[in-house]
Amino acid sequence: MIQLQYIKEHRDECIERLKIKNVADVEQRIDEIIALDEKRRAIQKDSDAIKAEQNAIAKEIGMLFKQGRRDEAETKKARTAELKADEKRMGEEMAAVEQELNAKLISLPNTPHISVPRGKSADDNLEVGRFGTMPELPADALPHWDLCAKYDIVDFELGNKVTGAGFPFYKGKGARLQRALINFFLNEATNAGYVEIQPPLMVNEASGLGTGQLPDKEGQMYAIPLDGFYMIPTAEVPITNIYRGEIVSADQFPIRHVGYSECFRREAGSYGKDVRGLNRLHEFSKVEIVVIEHPDRSYERLEEMKHHVGGLLDKLGLPYRILKLCGGDISFTSAMTFDFEVWSAAQKRWLEVSSVSNFEAFQANRMKLRFKDSDGKMRLCHTLNGSALALPRIVAALLENNQTPDGITMPECLRPYLGFDKI
RNA sequence: GGAAAGAUGGCAGAGCGGUCGAAUGCGGCGGUCUUGAAAACCGUUGACCUGCGAGGGUCCGGGGGUUCGAAUCCCUCUCUUUCCGCCA
């Protein structure tokens with residue numbers, strides 16, 4: 001949720017930024033919010049005056065009773081009845097205005113950073129770097145789903161039987177590869193100063209609201225209505241929500257966490273060739289990094305996180321590119337996002353394996369995550385997160401890019417975790 | 001699943017329906033003392049809305065009610081703890 005104060009004090013800048021996200025009727029929406037806020041304040045002023053009078057009378061009545069002046073007390077009571085009626089009416093008006101204001105505020109996406117490129121769709125994302133070398137595969141090279149079957153390391157059919165499409169089984173060296181990647185990613189992050197967390201895989205509604213999955217992306221999460229829980233779509237949700245409602249002390253900055261979790265996504269409406277094999281699953285493993293930082297330093301931290309993610313891909317020897325997402329492709333909650341895509345050499349496609357974002361104060365405002373600044377004032381923290389990394393597409397690229405006539409070569413950095421060097 | 005108890009400030013923990021935004025302890029911050037630190041002692045220390053300010057208002061798990069007046073009484077929801085049962 002954008003801070004109301006920011007909207008009021010920087011109306012034009014706010015509108016300009018939201019236009020980068022192609023928000024329809026921004027001026028009108030912003031001005032409605034400002035008007036509602038003025039209305040709210042006017043009502044509150046009157047309502048506060050009434051309450052002040054009520055409080056004063058109640059005090060007087062207390063005194064009168066004590067002094068035994070009952071008649072005078074009864075007279076005062078009459079006045080209170082009038083005030084009560086007024087207060088009730090105003091309270092209802094206030095609640096209605098607040099509800100409307102809140103609904104309008106919460107439906108506004110985060111303001112993107114002013115440097116975010118304009119654009120309508122993923123085609124307009126800006127490539128800001130390309131690393132590694134793209135392997136030349138022979139003409140008979142296999143896509144990863146064929147390799148999975150050939151070496152019996154990921155079984156999609158079995159997943160269909162036991163659960164459903166998008167819930168594969170990993171077997172033998174495939175399962176071991178999963179475990180190796182998770183450990184490799186967790187260790188790398190720990191060495192870089194991230195404190196490891198193993199979070200719950202289900203969260204309550206308040207947590208979903210805190211990080212912005214609710215109400216915006218309700219249909220994307222698996223829900224357990226009987227208990228009011230949601231299966232997490234990413235470890236970002238439970239880990240960031242650790243700090244929901246907290247006032248952290250400034251000397252804790254930056255707060256760095258890493259967590260591995262299974263991620264559950266309904267992916268409603270996405271079908272076709274994009275979902276083949278490991279390209280898009282309903283359940284997948286991911287290691288996530290989460291950072292909470294002082295507003296003045298959050299963009300430094302974003303760079304640091306990008307560096308960390310890039311380092312992982314370098315070590316894995318996968319060719320990748322970094323995209324700065326345009327206004328049309330960036331998420332609802334994000335102010336700036338970089339996607340990392342690896343080259344999947346047999347599919348001849350770029351696959352997104354990480355998304356690193358700065359949410360600025362957007363999540364913190366929803367969660368009321370604050371700190372006391374050096375001037376003693378309460379301020380909202382900035383929150384950031386990134387995948388480091390999501391496994392399935394990494395596995396897809398590793399299998400495809402490293403295939404040879406006598407097996408699939410595993411990258412050096414994973415061998416201590418794998419116990420073998422070839423599948 | 002059955003039974004009971006509870007939810008108060010960063011934490012712990014008091015609180016006859018009016019003088020309670022809330023005792024006390026711990027913690028935090030400032031100071032005295034000290035070469036420095038610890039201890040001791042003194043002082044200070046909630047958040048939010050609104051107003052230029054003085055000030056006003058709100059908040060004792062959420063919601064509703066009784067009352068001139070509710071942290072305190074009633075209803076309801078949620079959650080937590082303990083015991084029993086079941087089970088990893």
Side-chain angles (χ1 to χ4, degrees), chain A residues 1-9 33-106 198 200-210 214-215 223-230 238 241-253 255 292 361 364-381:
Chain A
M1 184 156 67
I2 307 177
Q3 292 176 78
L4 182 57
Q5 193 192 347
Y6 173 77
I7 295 176
K8 289 196 292 187
E9 289 173 8
I33 286 170
I34 293 173
L36 279 169
D37 175 61
E38 275 165 16
K39 199 170 163 190
R40 194 199 96 236
R41 274 161 37 221
I43 298 170
Q44 197 195 329
K45 207 177 145 200
D46 292 346
S47 152
D48 281 358
I50 289 171
K51 282 179 184 159
E53 192 179 344
Q54 273 184 316
N55 289 342
I57 292 178
K59 229 168 230 178
E60 283 176 47
I61 291 175
M63 296 288 281
L64 292 172
F65 269 120
K66 250 180 205 155
Q67 296 165 6
R69 295 150 72 183
R70 296 203 161 256
D71 294 347
E72 288 173 64
E74 290 303 325
T75 323
K76 299 265 184 199
K77 280 192 192 179
R79 172 65 181 151
T80 319
E82 290 172 31
L83 292 173
K84 257 183 136 170
D86 286 349
E87 195 209 327
K88 190 172 180 207
R89 185 172 45 74
M90 265 185 228
E92 283 162 6
E93 213 177 319
M94 183 77 157
V97 171
E98 269 182 344
Q99 200 184 1
E100 195 183 344
L101 177 59
N102 217 295
K104 284 193 194 298
L105 269 176
I106 210 155
Q198 185 173 1
L201 304 184
M202 294 188 206
V203 293
N204 58 28
E205 188 182 0
S207 295
L209 288 166
L214 296 172
I224 320 279
L226 191 60
D227 298 289
F229 296 149
Y230 293 87
N241 272 286
I242 293 172
Y243 298 95
R244 170 155 49 84
E246 295 294 312
I247 298 168
V248 300
S249 79
D251 56 22
Q252 288 176 264
F253 290 139
I255 298 172
I292 296 167
N365 193 30
R366 282 197 179 188
M367 293 198 260
K368 296 289 166 274
L369 163 52
R370 295 166 297 168
F371 71 101
K372 193 169 273 187
D373 211 348
S374 47
D375 59 3
K377 287 215 172 102
M378 283 294 179
R379 294 182 67 189
L380 294 169
C381 303

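Proteins get letters first, then strands, A, B, ... in listed order; numbering begins at 1 in each.
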Checking contacts here: which listed nucleotide ([options]) is nearest the side-chain heavy atoms of [X]?
X	options	value
A:K8	B:rU50, B:rC68, B:rU58	B:rU50
A:K77	B:rA47, B:rU58, B:rC68	B:rC68
A:Q44	B:rU58, B:rU50, B:rC48	B:rU50
A:K372	B:rA47, B:rU50, B:rG56	B:rA47

Say we look at [N] and [M]: how far apart would their [atom1] atoms be, to the nearest angstrom?
N	M	atom1	result
B:rC75	B:rG6	P	14 Å
B:rU81	B:rC87	P	22 Å
B:rG27	B:rA12	C1'	10 Å
B:rC26	B:rU44	C1'	16 Å
B:rU66	B:rG21	C1'	24 Å
B:rC48	B:rG43	P	28 Å
B:rG15	B:rC20	P	16 Å
B:rA71	B:rA7	C1'	12 Å

For RNA chain B, whose closest nucleotide is more 5', that of A:K51 or that of A:I61?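 The residue mapped nearer the 5' terminus is A:K51.
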Could you say whether A:I57 or A:S47 is positioned toward the 5' end of RNA chain B, judged by the nucleotide with the nearest heavy atom to each? A:S47
Which atom pair, heavy atoms only, marks the closest approach of [X] to [Y]?
X	Y	result
A:N241	A:G210	OD1-CA, 4.0 Å
A:P238	A:P200	CG-O, 3.7 Å
A:A364	A:L380	O-CD2, 3.7 Å
A:V97	A:L36	CG1-O, 3.6 Å
A:M202	A:I224	SD-CG1, 4.2 Å
A:L4	A:D37	CD2-OD1, 3.3 Å

Measure from the side-chain N and O atoms of A:Q252 to the backbone N and O of A:S249, and report whether any donor-acceptor pair falls under 3.5 Å.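 Here the side-chain-to-backbone pair exists.
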Specify the separation, in whole Å, of atom [atom1] of [X] and atom [atom2] of [N].
X	N	atom1	atom2	value
A:Q5	B:rG51	CD	P	12 Å
A:R370	B:rC48	CZ	C1'	8 Å
A:D86	B:rG57	CG	C1'	16 Å
A:L64	B:rU19	CG	C1'	15 Å
A:D46	B:rU58	CG	P	15 Å
A:M94	B:rC48	CE	C1'	12 Å
A:M378	B:rC49	CE	C1'	15 Å
A:E205	B:rG61	CD	P	21 Å

Answer yes or no: is there a side-chain heavy-atom contact under 4.5 Å between A:S207 and A:Y230?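 Not in contact.
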Using a cut-off of 4.0 Å on non-hydrogen atoms, how would the nucleic acid contact of A:R40 be classed: base, sugar-phosphate, or nothing?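 Sugar-phosphate: the residue A:R40, judged by heavy atoms under 4.0 Å, touches backbone atoms but no base.
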Under-4.0 Å salt bridge between A:R41 and A:E38: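 No.
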Look at A:E93 together with A:K39 and state whether they make a salt bridge at an N to O cut-off of under 4.0 Å. no
Closer than 4.0 Å, any side-chain N/O of A:N55 to the OP1 or OP2 of B:rG57?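 Yes, because at least one side-chain N or O of A:N55 sits under 4.0 Å from OP1 or OP2 of B:rG57.
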Verify the contact: side-chain N or O of A:R41 to OP1 or OP2 of B:rG51, cut-off strictly under 4.0 Å; return yes or no.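 Indeed, a polar side-chain atom of A:R41 lies that close.
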Polar side-chain contact A:D48-B:rG56 base: donor and acceptor under 3.5 Å: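 Donor-acceptor pair under 3.5 Å: yes.
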Look for any protein N or O under 3.5 Å of an N or O in nucleotides 73-79 of chain B and output each such pair with its distance, or none.
none

Reported NZ-to-CG distance for the pair A:K51 and A:D46, which is rounded to 0.5 angstrom: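 Going from NZ on A:K51 over to CG on A:D46, the span is 11.5 Å.
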Does atom [atom1] of [X] have more than 12 heavy-atom neighbours, drawn from other residues, nucleotides or ligands, at distances under 6.0 Å?
X	atom1	value
A:E60	CD	yes
A:K59	NZ	no
A:K368	NZ	yes

Just to be sure I follow the notation: if a pair is Watson-Crick (purine N1 to pyrimidine N3 plus N6-O4 or O6-N4) or a G-U wobble (N1-O2 and O6-N3), each under 3.5 Å, what dot-bracket string does RNA chain B give, with | for pairs to another strand? ((((((((.[[[..)..(.....]]]((((((.......))))))(((((....))))).[[[[[..)....]]]]])))))))....
Pairs: protein N or O with nucleotides 69-71 of chain B N or O, under 3.5 Å:
residue: B:rG69; atom: OP1; partner: A:K84; partner atom: NZ; Å: 3.2

